[in-house]
Enquirer: 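Here's a structure for you.
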Amino acid sequence: MNRKDFIYRAGMAGMSLPFLNATGAAAQTTKAKSVINIFLNGGLSQYDSFNVEVDKPVLGKSTIIKSNVDGVRVSNYYPKLAKQMDQLLVLNAMKTNQGAHPAGIYKMLTSYNPRSTVTHPELGAWVNKCLTTERDSLPNFVSIGSGRAGSAGFFPGQWAALPVKNPDKGIDFVKRSESVGEKAFKNRLNILDSLNKDFAKDFGSKDTRSYVDTYAGSLKFMNSNDIDAFELNTENPNIVNLYDKSDFSRSCLLAGRLVERGVRFVKVNLGGWDYHDGIYEKMPANANKLDSGLSSLLTHLSQKGLLESTLMVVSTEFGRKPEVNPNRGRDHHPDGFTCLMAGAGVKAGQIYGSTSKDGKHADQDVLDVTDFNATIAWRLGIDPEFEENSASGRPFKLANKGKARKELFG
Amino acid sequence: MNMRFLMTWMVVGLCVSASRTPAAEPPAVDVGRKTASMPVDVSTFTQEIDQLVADELKRLNQEQRPEIDDYTFCRRIYVDAIGRIPTIDELDRFITDDQPDKRAQLIDKLLNSNGYNSHWYNYWADLLRVKDVGDKLHHSGNYSEWIKDAVRRNKPYNEMAHELINASGELYKPGNGATGFYAREPMPLDHLANSVKTFMGMSIECAQCHDHPYEDWTQQDFYKLAAFTSKTHLRVDPLPKKEKATYAKDRRILKQKDFDEWIVYRESIRVKHASIYGNGTGYMRLPHDYQYKDGKPHDVMTADVLFGKMPTMNYQMSKEKLESLPKNQFGPGINARRSMANWMTSAENPMFTKATVNRLWRKIMGTELIGQLGGLTLEAMGNHPALTKKLISIMKASKYDTKVFLSAVFNSRTYQSKALVLSDTPPPYVLDGPAVRRLEAEVIVDSFLSLKTETPDKYVATEFRWDGFTHFYDKSRDFTVKDFVDYSIKGPGRGRFQNREEREAMKRNGDMGPKELWRVSTFGRNYKRHWMAMLLGKSNRELIDEANQEPDIPQILFLMNGLGIPDDALIYHKLSSATNHREKMELIWKAILGRLLKDSEEPLFENTPEDLMWALLNSNEFKFVK
């Protein structure tokens, strides 16, 4: 047996489904069905949000307010979430090895350092690939808002996120052009069908069939009963009124609707957190968006009974420095930043991990971003060590070397 | 051998050799001249290719595929040579031309057209992965322009590759854009693995971290190759000494004063100073976690090639001496990177030419001549080694003139054969003609231009185009520190700094035409703004060979519900002057599918032109080349 054969056979023998084995699954009483990941592109300032138990100068101009949980305090920019801290787990000792935006975002979303010889799938793409079944009529990875859409990395493109740039406009081009009536559209499809059949006689191949199939799939999607999941105007006004009218809040509303329909992984992008200067002038508006949108979404999910089965995570590529710089901003800080979790049996109403009091380092219960991703996958019932090969045959694990931190769940 | 083909070869041989000018070493920013090549006889090459293919077909007792008609040929050659379908007029002109050598003439015309420069820029820019990379290659415009210039000049490919591998100096100096190839890479060892894949078609990246699992390359082989490039590095700020003596004081003052002013100061100085330094010491050290028995972590490795002849090196420090120095020492620079470029791009390198012809064949024929683009081995010669050898010898004899190579293939009966469907059970021999393929993303988008205007290639650049950074580099040639400070203080902040320079550069370039009539290539480094091309599978240039030709739901939804041909498009203009319905039908068929109506398609007559155009544009026949 030569080396190539060995690798091939070893790969086949070791091939397994991504799901956790029976013992692992039994140990999990509650399992998440879906994930909503609010991603704060730019780097959330942990000291102006949810990590306030540090030396006073570290907090800059932020002040501390009480929450509805004894012993959990937050910054004054999050008054609405302060009333819902019993539903949130605060992770205050997050750590990454990347200090620049593109690399940090890449690491947080894929668990890998960016390389130029391979691109890695985002966690959402792994989830999409592992959990999609034939019965699903909606895609299982949707990315809402501008920003990195949700890359499939070395997976086939079908596992990438379906992008929804504007929550009120829904999916681009999903509706027939207004100038084309239903009858005319049907007629066009008939002509198309006859042309394609004719072409296939001489030149039909796997590739041309793939196009015919994807047209059929797209039409099914256009006409699907589930497509109205993307139409916010069909939502019950009582739910709509939980939210304000900002794009981000509307995106959260859409995310809630999508998990209600069973979509497995929804990413909601909220960018603009890179405040190197004038942080206290510029940040409050953005903090207010997060405070409103997230608190409404938590209420939405609770009211619908979806919070038990939905793992909510708020993440960012890194945090910001404990010092306020001469331009009254804060620079990048990868060693000790903050993310949030809610739902799916997470130990809510608690703070996990802490930084040193001077805010310079992650100190207790440090959680690497790869462990963070492994934990999310594990909670969905996916083995974080599940492995797939890139095009050139290099094996990659879902969460790199990350290990699930099971103690975050009750 | 019939007379028509013989004539074809003769004419093309003449045309190609006549279009060259004498040899000269191009200066840095002199653009637009053609690089010379020796007069070569393309017709002989073409004949040799066809003969080998015919021999192999005979040996396998496989029938020759039928020759394609003029309509099929016209659409195919436009797509493969210049990256878009022909306009109605271009098609009509070719069809009504009654000269016996009209195919050869068209090939020659297209290979020397603006359209060629557009289409083949896309090819190289994908292979060389032109893109902005964070704080490494902040702006890839100069890199993009360097490639466009090389395509316009028809710079021999081996020279082009050598310049890319050996590039150094300032990133934004006009004409020095080859530096982008190194600067776009976040990590030096990845860069080396990618260079090997780009120029030699081999995949050795596994050996970066461990012995290659199923090829012969060991981690030590990789580090010996890396020794050629050691101590090469990109620095975006001025060198520390210059920084301290010249810029540091004001940098500190501005940083305390105002964020926007400080950052414009920093960025503008970087535009001037970002450079690649170092040219390889010929020594490398094993990584700190080296695990094999043949060496210890930090052991000194002397440069060695993976195979073939070791180039001469001019060592100035012995290995023993270096071993006695601390482990962060790699020895003095000795231009080892140039030695590696000499080895990598040499005609004697067994992989360089082989990888090149494999890649070009795949591009225009859609089949694998030898193997996967990035997965070749030393031994592999493909299913038809004699043809592979011949194509390699053509490439060498033409002195790496891509146009001569393309001309030789395009003029062959082999290329002009009926397209093959690559099914699960292909015939024994598949190199006797092109395969049916989906058009590349840029080709589909650029083909919409052929419906819109009679001159789809009008706005392809014919000379160097300034961008924000090269423009600023140029205008700040005589800037003093005070000028930089003044510039920053008046500056409008980081984001708008770049925009302002872009606007000035645009003015300097003069009229570039309306964006809706630009070919995708004209977007250059800003290709990501071309969402339509991205939707159709354009490479995002993170990796080599990342473009795809696959459908997905967002793409199909766009084609069905979002694709619009504007009212003032050429096709509507033509339709309005047609006198009857049949004439309209014929125009639509010619414009979109490049052919006449079939009798069997007459029942479609009852439909409106709008419905028919929609159906044709959504059809597989439009999206595929046959």
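Lettering of chains follows the sequences in order, A, B, ..., and the numbering in each one begins at 1. Side chains included, hydrogens not; waters and symmetry mates left out as well; all remaining heavy atoms used. All values derive from a computational prediction rather than experimental measurement.
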Enquirer: So what's closer than 4.5 Å to chain B heavy atoms on A:Ile171: side chain, backbone, both or neither?
Expert: side chain

Enquirer: Hey, could you give me the OG/CZ distance between A:Ser210 and B:Arg438, rounded to the nearest 0.5 Å?
Expert: 10.0 Å

Enquirer: If we define contacts as heavy-atom pairs under 4.5 Å, which of A:Ala160, A:Ser116, A:Ala100 has the most with chain B?
Expert: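 Of A:Ala160, A:Ser116, A:Ala100, A:Ser116 has the most heavy-atom pairs under 4.5 Å with chain B.
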
Enquirer: With a 4.5 angstrom heavy-atom cut-off, could you sort out which part of B:Leu616 is near chain A: side chain, backbone, both or neither?
Expert: both

Enquirer: Would you check if the side chain of B:Asp552 reaches a backbone N or O of A:Gly157 as a donor-acceptor pair within less than 3.5 Å?
Expert: no

Enquirer: Would you mind telling me which of B:Asp611, B:Leu612, B:Thr608 makes a side chain to side chain contact (heavy atoms under 4.5 Å, CB included) with A:Arg188?
Expert: B:Asp611

Enquirer: What part of A:Tyr215 gets within 4.5 angstrom of chain B, counting heavy atoms only: side chain, backbone, both, or neither?
Expert: both

Enquirer: Decide, yes or no, whether a salt bridge links A:Asp202 with B:Lys418 under the criterion of side-chain N to carboxylate O below 4.0 Å.
Expert: yes

Enquirer: Sort out for me which of B:Gln555, B:Glu601, B:His191 touches chain A most, counting heavy-atom pairs under 4.5 Å.
Expert: B:Gln555

Enquirer: Taking all non-hydrogen atoms of both residues, which atom of A:Asn327 and which atom of B:Phe259 are closest, and how far apart?
Expert: OD1-N, 2.7 Å

Enquirer: Could you walk me through whether B:Met560 and A:Met222 pass side-chain contact (heavy atoms from CB on, under 4.5 Å), step by step?
Expert: CA-CA 11 Å; B:Met560 287 200 294; A:Met222 276 173 76; 3.7 Å; yes

Enquirer: If I measure from the heavy atoms of chain B, does A:Pro114 come under 4.5 Å with its side chain, its backbone, both, or neither?
Expert: backbone

Enquirer: Once rounded to the nearest 0.5 Å, what's the spacing between atom CG of B:Leu593 and atom CG of A:Leu195?
Expert: 7.5 Å

Enquirer: Side chain from CB out, backbone as N, CA, C, O: work out which of these in B:Gln372 comes under 4.5 Å of a heavy atom of chain A, or both, or neither.
Expert: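 Contact with chain A is absent: no heavy atom of B:Gln372 under 4.5 Å.
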
Enquirer: Do other residues, nucleotides or ligands put more than 12 heavy atoms under 6.0 Å from B:Lys598 NZ?
Expert: yes

Enquirer: I need the A:Arg394 CZ to B:Glu205 CD distance, nearest 0.5 Å.
Expert: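 Result: 5.0 Å between the selected atoms.
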
Enquirer: What part of B:Phe624 gets within 4.5 angstrom of chain A, counting heavy atoms only: side chain, backbone, both, or neither?
Expert: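 Just the side chain, heavy atoms under 4.5 Å.
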
Enquirer: Heavy-atom cut-off 4.5 Å, strictly under: side chain, backbone, both or neither for B:Ser619 against chain A?
Expert: both

Enquirer: Backbone N or O of B:Lys623 within a donor-acceptor pair of the A:Tyr211 side chain at under 3.5 Å?
Expert: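 Judged by distance alone, no pair lies under 3.5 Å.
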
Enquirer: Can you say whether A:Asp207 sits under 4.5 Å from chain B via the side chain, the backbone, both, or neither, judging by heavy atoms?
Expert: both

Enquirer: Just checking B:Asp567: does its CG atom have more than 12 heavy atoms from other residues, nucleotides or ligands closer to it than 6.0 angstrom?
Expert: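 No, CG of B:Asp567 has 12 or fewer neighbouring heavy atoms, counting only those of other groups under 6.0 Å.
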
Enquirer: Of the backbone (N, CA, C, O) and the side chain (C-beta and beyond), which part of A:Phe199 lies under 4.5 Å from a heavy atom of chain B, both, or neither?
Expert: side chain

Enquirer: For B:Val436 and A:Ser205, what are the C-alpha separation, side-chain angles and deciding distance, and is it a side-chain contact (heavy atoms from CB on, under 4.5 Å)?
Expert: CA-CA 8 Å; B:Val436 181; A:Ser205 66; 5.5 Å; no

Enquirer: May I ask you to name which of B:Leu420, B:Leu559, B:Asp190 has the most heavy-atom pairs under 4.5 Å with chain A?
Expert: B:Asp190

Enquirer: Closest approach of B:Pro551 and A:Thr214, non-hydrogen atoms and distance?
Expert: CG-OG1, 3.3 Å

Enquirer: Counting only non-hydrogen atoms closer than 4.5 Å, does A:Val118 touch chain B with its backbone (N, CA, C, O), its side chain (CB onward), both, or neither?
Expert: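 A:Val118 touches chain B through backbone heavy atoms alone.
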
Enquirer: So, do A:Asp172 and B:Leu535 sit near enough that their side-chain heavy atoms are less than 4.5 Å apart?
Expert: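 Side-chain contact under 4.5 Å: no.
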
Enquirer: What is the minimum heavy-atom distance between B:Ala193 and A:Thr117, and which atoms define it?
Expert: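 Result for this residue pair: CB-CG2, 4.2 Å.
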
Enquirer: Is it the backbone or the side chain of B:Arg184 that comes under 4.5 Å from a heavy atom of chain A, or both, or neither?
Expert: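 Only the side chain of B:Arg184 comes within 4.5 Å of chain A.
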
Enquirer: Can you tell me how far CG of B:Leu604 sits from CD1 of A:Ile191, rounded to the nearest 0.5 angstrom?
Expert: 6.5 Å

Enquirer: Using heavy-atom distances under 4.5 Å, tell me whether B:Ile553 contacts chain A through its side chain, its backbone, both, or neither.
Expert: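 Its backbone and side chain both get close to chain A.
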
Enquirer: Would you say A:Asn225 has more than 12 foreign heavy atoms packed within less than 6.0 Å of its CG?
Expert: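 Not more than 12 within 6.0 Å, no.
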
Enquirer: Count the heavy-atom pairs under 4.5 Å between each of B:Asn548, B:Asp258, B:Ile544, B:Val133 and chain A, then report the option with the highest count.
Expert: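 Of B:Asn548, B:Asp258, B:Ile544, B:Val133, B:Asp258 has the most heavy-atom pairs under 4.5 Å with chain A.
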
Enquirer: Within the side chain of B:Asn620, is there an N or O that forms a donor-acceptor pair under 3.5 Å with the backbone of A:Thr208?
Expert: yes

Enquirer: For the candidates A:Leu162, A:Asp213, A:Leu189, which exhibits the highest count of non-hydrogen atom pairs separated by less than 4.5 Å from chain B?
Expert: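 When all of A:Leu162, A:Asp213, A:Leu189 are compared, A:Leu189 has the most.
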
Enquirer: Set out, in order, the CA-CA distance, both residues' side-chain angles and the distance that settles side-chain contact (heavy atoms from CB on, under 4.5 Å) for A:Leu192 and B:Trp614, then state yes or no.
Expert: CA-CA 8 Å; A:Leu192 175 61; B:Trp614 182 95; 4.2 Å; yes

Enquirer: Output, in order, the C-alpha distance, side-chain angles, deciding distance and verdict of side-chain contact (heavy atoms from CB on, under 4.5 Å) for B:Glu621 and A:Phe203.
Expert: CA-CA 9 Å; B:Glu621 188 171 351; A:Phe203 301 106; over 6 Å; no

Enquirer: Nearest heavy-atom pair of A:Thr119 and B:Glu546: which atoms, and what distance?
Expert: OG1-OE2, 3.8 Å

